[in-house]
Amino acid sequence: MTLTALSFTLLFVIGTMLVSIWQKLGLEKDIAIGTIRSAVQLLAVGYVLQFIFHTGHIVFILIIIFTMICVASWNAAKRGKGLPGLVWRIALAVTASEIMMMGILLGLHIVKATPQYIIPISGMTIGNAMVVSGLFINQIKQEIRRSKGEIETLLSLGATAQQAMQEVRARAVKFSMIPTIDGMKTVGLVQLPGMMTGMIIAGANPIIAVRYQILIVFSFTASAAITSMLLSVLIYRLFFTADLRLKL
Amino acid sequence: MSALFEIHNLAKHNWDNGDQASKYIFSQLSAEITEPERIALIGASGQGKSTLLRILALLDTPDEGDLLLDGASYKNTNVRLWRMGVSYVAQQAVMLPGSVEDNLRMVSKLHGLAYDSVLAAQLLKQLGLDYLDLGKQAADCSGGEKQRISLIRSLLLRPRILLLDEITASLDINSTQKVEELLMDWHLKEETLLIWVTHDLEQARRISNRTWVMGRGELQDHSSDSFFAEPVAVLAQKFIQPVKGSL
């Protein structure tokens, strides 16, 4: 696709902005900023990836993955304002999930150990882990507020924080997994995933594209489960004082 | 020999009230209990009775003062061991997820102890719950059933001190009587100290040998015999009616 052809897609954006002005929705500024940001970010990433793919150096791959994990953790941690040390806990959960995923994929030679495979797959699984982390944190806060009586009843019977939070944690983990599991159930029937669509448009054999998509779906589910469960172990104590009273 | 339970200069701030004149819910609260007794805790609404019970159970924290169980400060005691010895039964009974039996088994599950099914069955019978299907979801029980299940759940912990927060408020006369009889019996057999919040002065007279009155941020300690020498109606007028300018 030429840059000229790509620039024609701006017509969609301009059309949307005109509708916004006509309907007085006040979205023009946000659409304009979003358009510029996404274009600049993606083009910059394109050049960075081109450079890394060309050099193939492990350090650059690690830097990219490290950056992805930092941004994902920082973004997900916004859901849990007031919880000290949340960012590094999310980072730890996402990193562990990434290491396990990549360990299996590379260790069993499911994908080639090249930046072309490692970076996009990492990006997708880390991105999904970020969404799952945000959902989990949001949900566990709600669950704690809703189940305050249940937690305090258990504490008053001499439960540890872990025992008092067991049900709440399980419910929050389950909730955070719903979009991933629903996506897995309906993939191909409701929506054709972005990666598969991109590969097909770029000329790949649909069967090959589907195989990679299956790989991604399984990776998504595993990374979502690992991240959510690990995060639940790492953060439940944050909701208690040192003398085992509920903070919220 | 140290007292069984001591309260030393306990104070709790009212953080919601910016008025300096009434910045304490209560302050300088002191009491000493040397042997297992039955204490009725009375006072008008909003005087901090439930807050005091929650503090005694370490579910809430005091802003000043100390609590001692067998001479050991709560500050130097494992909070879980404290709560196993000083158990709080809430006014609004909360059922844990699962069946009635799951709720009754919770204490043994939490502490890795054998479930005393004989005692559980006996307590259910004493509280008129022997008809209950133990497999029934606890959340589906009536308010009165939940209240009695929650009491049994705490009794199965065999705490040395039971903190009872208006536990008969939602019960009918018959069930209230059964709860009172059970707890009097339990107190004698198990030598459990009872601290029982109630707004019902007749109940306070029936169940207590000592009465604590909370009002205007203070705690008055009376022998129930002398306290209830006055007619209950007069006492209610004095101690249960809302205090003017109270919290």
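Note on naming: letters A, B, ... go to the chains in the order of the sequence lines (proteins, then strands), and numbering restarts at 1 for each one.
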Is a donor on one side and an acceptor on the other found under 3.5 Å between the side chain of B:Ser87 and the backbone of B:Met84? no
If you count heavy-atom pairs under 4.5 Å between each of B:Leu157, B:Asp60, B:Thr61, B:Val79 and chain A, which one has the most? B:Thr61
Mind ranking B:His111, B:Met95, B:Met106 by heavy-atom pairs under 4.5 Å with chain A and telling me who comes out on top? B:His111
Toward chain A, the part of B:Leu58 with a non-hydrogen atom under 4.5 Å: backbone
Cut-off 4.5 Å, heavy atoms of chain A, and the answer for B:Arg54 is side chain
Rounded to the nearest 0.5 Å, the CG atom of B:Leu162 sits from the CG atom of B:Leu53 at a distance of 11.0 Å
Given heavy-atom pairs under 4.5 angstrom as the criterion, report whether the side chain, backbone, both or neither of A:Thr160 touches chain B. both
Is there a donor-acceptor pair closer than 3.5 Å between any side-chain N or O of B:Trp212 and the backbone N or O of B:Val197? no
Answer with side chain, backbone, both or neither: which region of A:Glu150 has an atom nearer than 4.5 Å to a non-hydrogen atom of chain B? both
Donor-acceptor pair, side chain of A:Ser176 and main chain of A:Val173, under 3.5 angstrom: yes
Would you find a donor on one side and an acceptor on the other, under 3.5 Å apart, between the side chain of A:Ser147 and the backbone of A:Ile144? no
